[in-house]
Amino acid sequence: RDARVRERFPRMGGFLLAVTPEPASTAAFKKGAEGEEKAARRIIDASGDDVLFLLNRRLGPGRRDGDIDMIAISAAGILVVDVKHYKDAKVEVRRSGGLFSPRTEKLYVGGRDKTAWLEGLDKQRDAVTFALGYGQVDAPIPISVALCFVGGDLPVFDRLAIGDVAIYGSRELGRRLKKSSGRLGRDDCVRAFERLAVHLPSA
C-alpha cells in the first residue's frame, strides 16, 4: 500500500499515508501477521532445543498459491502447522449424522463454518511430502498437520481434532512438541530440515 501511494503521488505520498487510516484489509492482515509471530515465539520457547522449526515457507519454488506458517521437526516426525489469530472466538467441532446417515464433522470458529481450512492443510502436507521426495504413501518420516489458535476460546480439558487434524492453542502445542518422542534421530531431523529449507523457500 505504501509503495502504491508513494508511486502515484510522489510529492504528497508521505503526507497522505500519515493522515489517512489503513484500509480494513491492511489492518486485518497486520493483525494476523502479528498473531502468527506471537504464536511462533510461544511455541518455539515452550518446545525446547530438540525441535527444529521452519517458518513462513512457500509451497514450492515459484509458487504463489499459498504458504506454510510453521513446520516443526522432532523425533516424532514433521508437523505442519497453520496458525490462526482469532481473539476470544469459540473454536468447536460440530458432528452430525451417525446410525442412519453419514457422519460429518465441521469446524466452527466464532460461529462461522471454517471447514474449508482443512483443504489448505491438505495442500500444505502434500507440498512437504513432495519436497522431501516421498510418494503419497509409506513416507519414512511421519507427516501430520495441525491448526494452532492464538487467542481463541478452546476447551480447557478436551483436546479438539477434526479428522486427522489436531487443534491446539499455542502454549499447548509448544508443550506437546517438547514431550514428543519417536524413532527419528537428530541427524534425521537435520537432514529433513535442510531439504525442506531448500525446496520450500521463504515466503
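Predicted model only: the values in this text are computed from it and were never measured.
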(message) Between R57 and S202, does the side chain to side chain donor-acceptor pair (under 3.5 Å) criterion hold? Intermediate values first, please.
(response) CA-CA 4 Å; R57 316 302 291 194; S202 296; 3.2 Å; yes
Using modelled atom types and a 3.5 Å cut-off, is there a donor and acceptor pairing between side-chain atoms of [X] and backbone atoms of [Y]?
| X | Y | answer |
| --- | --- | --- |
| D69 | V83 | yes |
| D45 | R42 | no |
| R195 | A131 | yes |
| K114 | V91 | no |
| R94 | L107 | no |

(message) How about CZ on R171, more than 12 heavy atoms from neighbouring residues, nucleotides or ligands closer than 6.0 Å, or not?
(response)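 Not more than 12 within 6.0 Å, no.
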(message) Please determine whether the number of non-hydrogen atoms from other residues, nucleotides or ligands lying under 6.0 Å from atom CG of D50 exceeds 12.
(response)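 No, the 6.0 Å shell around CG holds no more than 12 heavy atoms from other groups.
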Is there a side-chain contact between [X] and [Y] in this structure, where contact means two heavy atoms from C-beta onward sitting under 4.5 Å apart?
| X | Y | result |
| --- | --- | --- |
| V145 | D122 | no |
| V51 | I73 | no |
| R183 | I141 | no |
| L196 | I78 | yes |
| L132 | I143 | yes |

Working to the nearest 0.5 angstrom, can you tell me the gap between [X] [atom1] and [Y] [atom2]?
| X | Y | atom1 | atom2 | result |
| --- | --- | --- | --- | --- |
| L118 | E105 | CG | CD | 9.0 Å |
| D153 | D88 | CG | CG | 7.5 Å |
| K106 | D113 | NZ | CG | 5.0 Å |

(message) Apply side chain to side chain contact (heavy atoms under 4.5 Å, CB included) to residues L59 and F130 and explain how you reach the verdict.
(response) CA-CA 10 Å; L59 299 182; F130 181 79; over 6 Å; no
(request) List the steps, then state whether side chain to side chain contact (heavy atoms under 4.5 Å, CB included) holds for D82 with F149. (result) CA-CA 9 Å; D82 195 358; F149 286 89; over 6 Å; no
Identify the two heavy atoms, one from [X] and one from [Y], that lie closest to each other, and give their separation to 0.1 Å.
| X | Y | value |
| --- | --- | --- |
| A40 | L55 | CB-CD1, 4.2 Å |
| V128 | I68 | CG2-CD1, 3.8 Å |
| L184 | S74 | CD1-O, 3.5 Å |
| S170 | C148 | CA-SG, 3.5 Å |
| G60 | L200 | N-CD2, 3.9 Å |

(message) Let's go through L147 and V81 carefully: what are the C-alpha distance in whole Å and the side-chain angles of both, what is the deciding distance for side chain to side chain contact (heavy atoms under 4.5 Å, CB included) to 0.1 Å, and is it a yes or a no?
(response) CA-CA 6 Å; L147 286 166; V81 183; over 6 Å; no
(request) In plain terms, say whether K123 and D126 are close enough for a salt bridge, that is, a side-chain N and a carboxylate O under 4.0 Å apart. (result)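 No, this pair does not count.
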Just distance, no hydrogens or angles: give the donor-acceptor pairs under 3.5 Å from side chains in residues 159-169, sequence neighbours left out.
{"from": "R159", "atom 1": "NH2", "to": "Y168", "atom 2": "OH", "distance (Å)": "2.8"}
{"from": "D164", "atom 1": "OD2", "to": "R125", "atom 2": "NH1", "distance (Å)": "3.0"}
{"from": "D164", "atom 1": "OD2", "to": "R125", "atom 2": "NH2", "distance (Å)": "3.1"}

(request) Scan side-chain atoms only and decide if R103 and S96 contain a donor-acceptor pair under the 3.5 Å cut-off. (result)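 Looking only at side-chain atoms, S96 and R103 do not form any donor-acceptor pair under 3.5 Å.
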(message) I'd like to know whether the aromatic ring centres of Y86 and W117 sit less than 6.0 Å apart in this structure.
(response)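 Yes - the distance between ring centres of Y86 and W117 falls below the 6.0 Å cut-off.
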(message) If you apply the rule salt bridge (Lys or Arg N to Asp or Glu O under 4.0 Å), what do you find for R176 with E172, and how did you get there?
(response) CA-CA 6 Å; R176 287 187 175 272; E172 180 192 6; 3.2 Å; yes
(request) Determine, step by step, whether K90 and V109 satisfy the side chain to side chain contact (heavy atoms under 4.5 Å, CB included) criterion, reporting the C-alpha distance in whole Å, the side-chain angles of both residues, the deciding distance to 0.1 Å, and the verdict. (result) CA-CA 6 Å; K90 184 177 181 180; V109 181; over 6 Å; no
